[in-house]
Peer 1: 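My structure is below; once you've seen it, I'll send some questions.
For ligands, and for the atoms within them, numbers begin at 1 and follow the listed sequence.
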Amino acid sequence: MKVIFLGNGEAFDERYPNHSHLVFSDKTVLMLDCGDSAVRQLWKYTKDHSLTDALYITHRHSDHLFGIPALLGRMLEEERKKELTIICSEQLKADIERLTEHAYFGIDSYGFKINFIIAEDGKSIKFQDLKLSFAKTGHTSYNLAIRIDDNKKIVCYSGDGPSDENTEKIYKDADILMHECYMFDKKFLGHVVAVDLFEMAKRQNVKCLALAHFKRAFNDETRKKVKEAIPGIGLKIILPEPLEEYEV
Ligand SMILES: [Zn+2]
Ligand SMILES: [Zn+2]
């Protein structure tokens with residue numbers, strides 16, 4: 001598999017686009033979250049508006065889904081014909097339908113089929129060549145982290161929020177875990193600090209931990225502290241930049 005890190009920022013950061021990734025397997029291209037600035041990163045990465053097979057949305061905060069109306073609108077203008085699958089929880093499906101209806105009122109067809117698949121906490125689904133598993137995190141909004149398994153490699157993505165015992169299970173033996181990280185060690189409701197992530201990733205035998213979504217006012221400081229800590233942790237840790245590529 002291959003990952004393109006589309007964005008690495010939190011919700012309101014003017015310097016870094018929203019946390020989002022593109023995951024490539026042999027047969028599937030899956031976009032993880034679609035915030036309002038993440039969708040522009042996708043357009044910078046590719047002009048192929050049929051590239052993405054599916055979109056997975058972790059939770060209902062704007063930095064993770066408010067790019068959807070623009071994504072669909074541009075696909076309509078670029079005359080996409082290929083079906084698009086949106087994978088999300090049952091609650092989110094209704095939210096996304098309301099959002100798209102509100103954003104471009106009156107559009108009843110995008111010219112391509114939109115197919116929803118419901119993600120559930122503790123369950124797995126099969127999508128094309130991928131097995132996708134989901135687990136709830138402790139975020140302020142209902143958030144399902146995802147494990148993507150193509151039978152060769154494992155890519156995981158947290159969305160937002162700390163893990164409990166059940167969440168951690170889906171990160172086990174991940175070849176890469178893209179995880180939100182708000183601060184280095186100062187706790188913040190519904191988010192994760194780097195020092196806790198280091199321990200969790202080691203416990204779950206994660207091969208590479210990719211950190212993003214730093215709180216904007218502390219972004220430079222947190223990056224500096226993480227970089228200084230890396231040599232002593234005994235774990236591969238990266239701080240991906242927007243549009244960087246990672247071969248899994
Ligand atoms: Zn977020
Ligand atoms: Zn959030």
Peer 1: For a distance under 2.8 Å, tell me if Asp63 has an N/O/S atom near the Zn ion (ligand 1).
Peer 2: yes
Peer 1: Less than 4.0 angstrom from a charged side-chain N to a carboxylate O is my criterion; do Lys187 and Asp196 meet it?
Peer 2: yes
Peer 1: Please determine, by modelled atom types, if His19 and Asp33 share a side-chain donor-acceptor pair under 3.5 angstrom.
Peer 2: no
Peer 1: Just give me the atom name: the N, O or S atom of His61 closest to the Zn ion (ligand 2).
Peer 2: ND1
Peer 1: Of all N, O or S atoms in His59, which has the smallest distance to the Zn ion (ligand 2)?
Peer 2: NE2
Peer 1: Would you check if the Zn ion (ligand 1) lies under 2.8 Å from any N, O or S atom of His64?
Peer 2: yes
Peer 1: Does any N, O or S atom of Asp160, backbone or side chain, fall under 2.8 Å from the Zn ion (ligand 1)?
Peer 2: yes
Peer 1: Closer than 4.0 angstrom, basic N to acidic O: yes or no for Lys172 and Glu168?
Peer 2: no
Peer 1: With a 4.0 Å cut-off, would you call Asp164 and Lys136 a salt bridge?
Peer 2: no
Peer 1: Any Lys/Arg nitrogen of Asp220 or Arg223 sitting under 4.0 Å from an Asp/Glu carboxylate oxygen of the other?
Peer 2: no
Peer 1: Looking at the Zn ion (ligand 1), is one of the N, O or S atoms of His213 less than 2.8 Å from it?
Peer 2: yes
